[in-house]
Amino acid sequence: MKMNISKEKKVRVRFAPSPTGYLHVGGLRTALYNYLFARKHDGMFILRIEDTDRSRYVEGAIENLIATLQWAGLDYDEGPIKGGNYGPYIQSERLDIYWQHAEQLLRAEKAYRCFCTSERLDEMRKSLEKIKASPKYDRACLKLSQSEISDKLKAGEPNVIRMKIPDSRLIKFNDLIRGNVEISSDILDDQVLIKSDGYPTYHFANVVDDYLMEVTHIIRGEEWLSSVPKHILLYEYFDWKVPELAHLPLLLNPDKSKLSKRQGDVAVEDFRTKGYLKDALINFVAFLGWNPGTEQEIFSLQELVEQFSLESVNKAGAVFNIDKLKWLNFEYLRGKSDTEVLQMLKEELSKSKYYQTQFDDKYLLGVIEAMRPRVNFVKDFIENCPYFFEPPIHYDVDVIKKRWKEDTPQQLKMLVEEFTKLENPNKADYEAALHKSAQRLNIGNGKLIHAVRLAISGTGCGPGLYDILFLLGKEENLKRIRTAIDEIKPIM
RNA sequence: GCCCCUAUCGUCUAGAGGCCUAGGACACGAGCUUUUCAAGCUUGGAACACGGGUUCGAAUCCCGUUGGGGGCACCA
């Protein structure tokens, strides 16, 4: 009787980016799903750097990647810098390991040396394309004799190591998201395992590392789905167990092509600098291809951990819909306390052109209170209402046309008189003074309200007028109104 | 060209044969509120790609078509 006593193995997953410059939002989602899965199952989340393409290496990319992951709150358990029992976690530091395994395959005749030049390969593919055949390697070097090989090796001829792909094998596997998939080995090329520069290809390094690092679940993008058969064959050649597989749906541009830089921001850093909150980005990206099946939209990272399951990940690609991200950012910003927003605003101010100006906390808190429903981003506090930080530089032409008439300056002079009489006015005092002026002028309140708004803010929109007046303070108000009276000329 | 994956409102999605007159969110329209702009509240329009089966019954299962995406490198 077969006993099923094998204890459930501890979950180990990895995020394995290549350091080509920045973290792509698609990468962020892959990392997130791995992270959620690991945390949910009390497993380990590994960061592995796949830097086997030396031509694409970008200086500082690894540090950048780690910093971005950290910003997003996706801390890893094992990986570069942090270390772990399965290191090194940077593939370029594991070359001897790959070679050891490549030689093992060579000895077992599961792989062979190939001396073909890239020129020959190009030509071969072109001619195959002409007759509309699959552009597969013709295995010319498989026919090389042992002595031919050693001669070429001795002569120092550049070469690669290719894996042998068996003929007509139907390779079946189960994907946690996609179910059963079958692919014939006939369409597979004799994949290069070790490149002529001695570095492994993705396919080889990936399989070797996932085994050695005891990865239990491979969670990655759908672009890898069609190379799974190659990997399965490699696992077979080594007599290793294939990890569980989960291929995530792709993130798409609005035109449904694979999400790309051309059509907008894709780097996590871009979103960060644009002022998106990490919680909003994480929440948003989590919902691209997954949702809990309830009507809840706002999820903390912890809630995501609790709710997440690979089984409920969608199969079809998801369009990256920036509008919803903005809305989420608004929601998250609204969820922050005044003191939290104050800190963020102060930081933003220190980076703005007002970095030399001192604003006291009480004042800024007032601005925050007034502007909260009107901003999606912290920097909107500055960009949408610069009049809280400096007098209007110019006055909105459309508003002048609509709200500033011939008799407006005269009317405002009356208002200035009323305002001047006020002592330590609060909002209601301003309101009362304005009403009184309007009454004495025998005009509607609106006339004055709109004109004053223009005079003190330069625009026609924003928080309630009395809120602005109160925040700015009497002296500033009077100064601005007087300036406006002198400067604004009605437009007919 | 070949192979693989995929298909519900414009977008993200709920839906595991009867709970579907297809639900929610974003976006959009209207109204309320209002000194403006927002926010908020109310409300409206908006989808099961198509064709065959299976079944008493199909958005849900099967087959095909069409559309979309991905892959086919000494890139990952």
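Numbers restart at 1 for each chain; the letters A, B, ... are given by sequence-line order, proteins then strands.
A distance of 6.0 Å or more separates the ring centres of A:Phe15 and A:Tyr89. Taking the six-membered ring for Trp and the full ring otherwise, A:Tyr33 and A:Phe308 have centroids separated by under 6.0 Å.
An OP1 or OP2 oxygen of B:U36 is reached within less than 4.0 angstrom by no side-chain nitrogen or oxygen of A:Arg403. At least one side-chain nitrogen or oxygen of A:Asn314 sits closer than 4.0 Å to the OP1 or OP2 atom of B:U13. Contact check, A:Asn291 against B:A14: a side-chain N or O comes under 4.0 Å of OP1 or OP2. The side chain of A:Thr52 places an N or O atom within less than 4.0 Å of a non-bridging phosphate oxygen (OP1 or OP2) of B:A76. Checking the phosphate oxygens (OP1, OP2) of B:C75, a side-chain nitrogen or oxygen of A:Lys195 falls inside 4.0 Å. Between B:G69 and A:Lys256, no contact under 4.0 Å exists linking OP1 or OP2 to a side-chain N or O. The shortest distance between the side-chain N/O atoms of A:Arg162 and the OP1/OP2 oxygens of B:A73 is not below 4.0 Å. Look at A:Lys136 and you won't find any side-chain N or O under 4.0 angstrom from OP1 or OP2 of B:A73.
As rounded to the nearest Å, B:U6 and B:U21 have C1' atoms that lie 29 Å from one another. Between B:U35 and B:G29, the two C1' atoms lie 25 Å apart (nearest whole Å). B:C12 and B:C56 have their C1' atoms separated by 36 Å, with the value rounded to a whole Å. Using atom C1' as the reference point in both B:A47 and B:G15, the two lie 13 Å apart (nearest Å).
Rounded to whole Å, the distance from CD on A:Gln191 to P on B:C74 is 7 Å. Look at CG on A:Asp467: it is 13 Å from P on B:U35, rounded to the nearest Å. To the nearest angstrom, P of B:A73 lies 15 Å from CE of A:Met163. Here the P atom of nucleotide B:C74 and the CG atom of A:Asp122 are 9 Å apart, to the nearest Å. As rounded to whole Å, 17 Å separates atom C1' of B:A27 from atom CG of A:Asn329. With rounding to whole Å, A:Leu245 atom CG is found 14 Å from B:C5 atom P.
Between the side chain of A:Ser196 and the base of B:C74 there is at least one donor-acceptor pair of N/O atoms closer than 3.5 Å. Counting atom types as modelled, A:Arg374 pairs a side-chain N or O with a base atom of B:C37 as donor and acceptor under 3.5 Å.
Between A:Phe287 and A:Phe299, the ring planes are tilted. Angles from 30° to 60° get that label. Between A:Tyr137 and A:Tyr112, the two ring planes are parallel [angle under 30°; tilted spans 30° to 60°].
For B:C41, the paired nucleotide is B:G31, the pair qualifying as Watson-Crick or G-U wobble because both relevant distances are below 3.5 Å.
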Legend entry - Worked verdict on A:Tyr235 versus A:Tyr211 for ring-ring contact (aromatic ring centres under 6.0 Å, His included): CA-CA 9 Å; A:Tyr235 282 105; A:Tyr211 170 74; 7.8 Å; no

